[in-house]
Amino acid sequence: QVQLQESGPGLVKPSQTLSLTCTVSGGSISSGGYYWSWIRQHPGKGLEWIGYIYYSGSTYYNPSLKSRVTISVDTSKNQFSLKLSSVTAADTAVYYCARGLGGATGWFDPWGQGTLVTVSS
Amino acid sequence: QSVLTQPPSVSGAPGQRVTISCTGSSSNIGAGYDVHWYHQLPGTAPKLLMYGKNNRPSGVPDRFSGSKSGTSASLAITGLQAEDEADYYCQSYDSSLSGVFGTGTKVTVL
């Protein structure tokens, strides 16, 4: 059973880069057909898709965040990562990693437990 | 920035049927992309509830069903139970090359 776990700093200063890692267990990140994804949820708000990386390394980003987002994969560690640059208070959110299935238009399952990142000086 | 619109809340008595709507546009649901559904308990991560064309993951009871028509989709919960009280989100894909989520609906069991 595949499980995902986010890790990274819980506090980031404005204008700096937010960096998170998602560790995948119970399965290989190199398995074909999956879109390894990042999704965030602002406090008390709905969900926002950030982007995903295909096992081949192809990336797809939310157009509204594209200029600041980089998603990468480290197959040797069975991890994928998120970098979001030039953060502001508006980037304060719970960040989830998830496995995407059913193609680029598919669904997300399972999800990590989420990690709260606060942007503050 | 949610592209799919859901009612903020719906409620029903135990045993009743409730429906949650998810309204999109011609660039997402109306373009033929599938709609998927999640539920989320407070303080926990969303969990997949329905995917593709009315498919349920293992363990999800058949009290949950989905439908789609035009630019909208709906999730129906029949035989409402106390454990169904949660936030529900729809999700689809938009032609702008982006995954999109609904605004979320809080289901309250009276």
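Letters A, B, ... mirror the listed sequences (proteins, then strands); counts begin at 1.
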**Report entry** Between B/Pro46, B/Ala45, B/Ser92, the one whose heavy-atom pairs under 4.5 Å with chain A are most numerous
**Finding:** B/Pro46
Report task. Look at the aromatic rings of B/Tyr88 and B/His39 and report parallel, tilted or perpendicular, splitting at 30° and 60°. Result -> tilted
Result block: side-chain N/O donor-acceptor pairs under 3.5 angstrom for residues 104-121 of chain A, not counting sequence neighbours:
from	atom 1	to	atom 2	distance (Å)
A/Trp111	NE1	A/Phe108	O	3.0

Report task. Using non-hydrogen atoms and a 4.5 Å limit, figure out which bit of B/Gln6 sits close to chain A: side chain, backbone, both or neither. Result -> neither
Query raised in the report: Between A/Gln5 and A/Thr23, is any side-chain donor less than 3.5 angstrom from a side-chain acceptor?
Result: no
**Report entry** Segment of A/Tyr52 engaging chain B (4.5 angstrom heavy-atom cut-off)
**Finding:** side chain
Report summary line: When the 4.5 angstrom heavy-atom criterion is applied to A/Ile39 and chain B, the contacting part is side chain
Report task. Would you please indicate yes or no on a ring centroid separation below 6.0 angstrom for B/Tyr38 and B/Tyr89? Result -> no
